[in-house]
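Before any comments, here is the structure.
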2 protein chains.
Amino acid sequence: MLNQRQRDILRAVVDDYVSTAEPVGSRTLSRKYGLGLSPATIRNALADLEDEGLLRQPHTSAGRVPSDQGYRVFVEELMALSPLAPSVRADLLRRQAEAEDLRDLLTQTARLAAVLSGCTAIVRSPRPAGARIRALSLVPVTDRKLLLVVVSSTGAVTHRQVLLEEPIAPEEVAALAVGLQQHLLERPLDALTGRVLEGLAERMGRHRDLIRQVIGRVEAPDDAVVIAHTAHLARQPEFQQRVDGLLDFLDRPDRVLRWMQEVRGGSSSPGAVTIRIGAEHRDPELQGCSVVAASYTIGDEVAGEVAVLGPTRLDYATAVTAVSALAAGLSEVFGARLPGEGRQ
Amino acid sequence: MLNQRQRDILRAVVDDYVSTAEPVGSRTLSRKYGLGLSPATIRNALADLEDEGLLRQPHTSAGRVPSDQGYRVFVEELMALSPLAPSVRADLLRRQAEAEDLRDLLTQTARLAAVLSGCTAIVRSPRPAGARIRALSLVPVTDRKLLLVVVSSTGAVTHRQVLLEEPIAPEEVAALAVGLQQHLLERPLDALTGRVLEGLAERMGRHRDLIRQVIGRVEAPDDAVVIAHTAHLARQPEFQQRVDGLLDFLDRPDRVLRWMQEVRGGSSSPGAVTIRIGAEHRDPELQGCSVVAASYTIGDEVAGEVAVLGPTRLDYATAVTAVSALAAGLSEVFGARLPGEGRQ
DNA sequence: CTTTGGCACTCGCGATGCCTGAGTGCTAAC
DNA sequence: GTTAGCACTCAGGCATCGCGAGTGCCAAAG
């Protein structure tokens with residue numbers, strides 16, 4: 001276990017390294033941080049911390065740098081979170097509430113997270129386990145082309161083209177839409193598995209193939225993740241050589257999505273902030289990176305996450321306050337809007 | 001005017017520099033390219049080309065590098081375009097035709113362009129001057145929230161939330177939708193200016209405010225540009241120091257859009273390929289970059305562009321064949337689908 | 001008159017070596 | 001337990017050097 005001095009020093013090392021990106025030496029610590037200790041004393045403490053595996057030396061006569069494990073101790077025990085000023089918080093919430101639609105809301109949130117934290121931000125679209133079909137409509141585009149529009153209880157709108165073999169009359173489309181609505185409205189999206197749909201197709205008789213085609217596509221929503229400000233990653237000195245790998249990773253929504261889900265993984269208690277540091281990531285591209293993610297909720301269910309991504313040397317305290325405030329904002333906006341009263 | 005030898009040598013310099021990223025010397029040229037000339041002779045020609053402003057020397061005793069102007073001469077007079085193998089072309093078209101909807105089509109196209117050219121690719125959503133409203137629907141989500149869905153003749157689907165002060169009954173929504181359809185279907189999107197809408201709102205009597213709210217938002221489509229594979233930019237040796245500026249630029253869809261429009265600017269003949277090189281860009285972030293853009297059409301109108309972005313040292317021939325093939329593919333897909341027969 | 005070989009010259013780049021300064025660990029004194 | 005002092009280490013900056021790629025110019029050959 002660490003004693004108070006070691007804790008103070010570890011905190012100082014992390015603070016300094018985060019802001020300078022240079023290994024921190026005993027003299028600097030003694031001068032810049034009010035520890036009231038001589039460099040020599042600090043050196044002893046540093047050596048202890050290194051033995052514990054919380055600090056590393058890039059080379060013999062360099063200062064210390066926090067190890068992944070050191071960051072972990074920092075975020076779990078030492079980090080001083082200063083809550084956002086109420087005015088700032090209110091401003092964030094206002095901006096979120098002003099969003100025009102779901103997409104806009106997520107984009108705005110991601111941008112705000114990026115600006116506040118100085119990192120690349122990622123927001124995962126809401127997909128609560130219990131999302132239901134709130135509205136469903138078939139729009140005839142031509143006599144052989146329909147547009148299926150589904151609005152889920154999260155506010156997500158998905159639309160798919162449906163191309164037909166045979167022409168269909170508008171009245172028939174309308175009848176079909178009513179039929180679908182009867183069977184599908186308020187049903188959970190998750191429940192739209194093969195068997196259920198097969199049954200539905202049977203029951204509705206005509207247009208069986210059409211129905212299959214239509215419904216099989218409802219569950220794949222358009223935007224799984226929104227990413228803002230990748231430029232912040234490229235600015236980090238430690239990534240100069242590897243930006244392309246990271247960009248490549250972020251370019252593939254499916255991978256990012258899987259990864260986000262995995263990050264949340266264990267701790268899925270609503271509102272919790274998950275932090276994953278450096279080697280704790282499985283993906284090789286993400287070595288040297290940390291992610292701070294906060295989940296937001298719709299109703300009482302975890303629906304998605306707001307996250308920021310940066311080098312392990314990142315300002316965890318700022319990141320945590322930013323993502324939790326924004327995730328809370330999302331929860332609030334969803335809470336206010338979605339049960340259905342349509343308040344803006 | 002350049003003589004044949006100078007032209008051959010300029011072409012060789014560009015070819016070599018594009019593939020190696022190293023300044024090209026007279027010896028290399030004499031060895032690698034079948035010019036049948038001694039290095040000394042080539043040196044004379046190089047000196048001439050430098051006097052013409054088509055080549056530069058990074059420093060005395062280095063090889064030559066094409067200047068922006070040199071690239072311009074290259075693309076206008078010297079570049080040898082080899083058309084794509086029919087099988088490749090067919091494959092591209094097949095992949096485009098398989099796209100599920102507009103969004104998917106544009107994303108696929110951008111990815112293909114990026115892979116073929118080895119550059120970052122940008123596709124601008126179709127917005128032909130004469131795009132019309134093909135379908136329009138109001139989906140009741142709650143009693144105070146509607147979703148307006150508009151399908152344009154380009155296949156673009158836009159949806160907007162409409163929040164109401166007063167609750168509205170579903171039947172009323174349906175009636176309203178019919179009214180809107182009567183007045184708006186097949187009208188050009190461009191014509192939806194304030195005056196027309198005002199008139200419409202008057203004529204429809206009730207729900208005047210609602211109508212205003214609804215229609216004012218139709219014209220701002222969701223996705224103006226699709227960007228693929230920014231990682232390719234980061235990989236370019238010449239951009240190591242400046243990736244962040246470029247990423248920053250690409251992060252703002254509005255700027256990218258404006259810029260794409262400006263690039264097409266002059267030559268708007270359908271199917272034309274526009275190339276803009278280095279200093280020809282106004283934006284300071286784009287110095288040292290080139291863009292190759294081909295426009296695609298819907299009907300006979302230019303609707304948008306497929307473009308690739310890279311360093312001035314880019315493989316213009318490959319880029320040109322790639323973007324023109326893909327733009328032609330888009331034109332074809334739109335041509336086949338959009339008049340309304342819904343063929344896949 | 002054009003082409004070419006030869007030659008002197010230039011200059012970036014990588015390797016080498018030196019020095020400095022920041023930083024350490026250890027020990028002995030407080 | 002803390003601190004001052006000291007010897008030691010090592011990365012990074014700086015100058016030096018040699019190499020090699022490349023040039024321009026000139027005079028001879030075609």
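Below, read A as the first sequence line, B as the second, and so on, with proteins coming before strands; counting in each chain starts at 1.
- Side-chain N or O atoms of A:D68 include one that pairs as donor or acceptor with a backbone N or O of A:A279 at under 3.5 Å.
- Remark: B:T41 is in phosphate contact with C:dT4, judged by side-chain N or O atoms under 4.0 Å from OP1 or OP2.
- In this structure, the side chain to side chain donor-acceptor pair (under 3.5 Å) partners of B:D244, at least two apart in sequence or on a different chain, are A:R235.
- The side chain of A:S38 sits closest to D:dA4 out of D:dA4, D:dG24, D:dT2.
- Residues B:L10 and B:R7 form no side-chain contact, since every pair of their non-hydrogen atoms from C-beta on lies 4.5 Å or further apart.
- Between B:D8 and B:R5 no salt bridge is recorded (no basic side-chain N to carboxylate O distance below 4.0 Å).
- Between B:R43 atom CZ and C:dT2 atom P there is a gap of 18 Å when expressed in whole angstrom units.
- Counting only heavy atoms from C-beta on, B:T28 has its side chain closest to D:dG22 among D:dG22, C:dG25, C:dT4.
- The phosphate of C:dT3 has OP1 or OP2 within less than 4.0 Å of a side-chain N or O from B:R5.
- Of the residues in residues 48-62 of chain B, those lying under 4.0 Å from DNA chain C by heavy-atom distance are B:H59, B:T60, B:S61.
- The phosphate of D:dG20 (OP1 or OP2) has no side-chain N or O of B:R27 nearer than 4.0 angstrom.
- Proximity of B:Y33 to B:V13: side-chain heavy atoms (C-beta onward) are nowhere separated by under 4.5 Å.
- A salt bridge is absent between A:E262 and A:R258: the closest approach of a Lys/Arg side-chain nitrogen to an acidic carboxylate oxygen does not fall below 4.0 angstrom.
- Put simply, CG on B:L37 is 14 Å from C1' on C:dG5, counting in whole angstrom units.
- The listed nucleotides are C:dT4, C:dG23, C:dG25; the one nearest the side chain of A:A47 is C:dG25.
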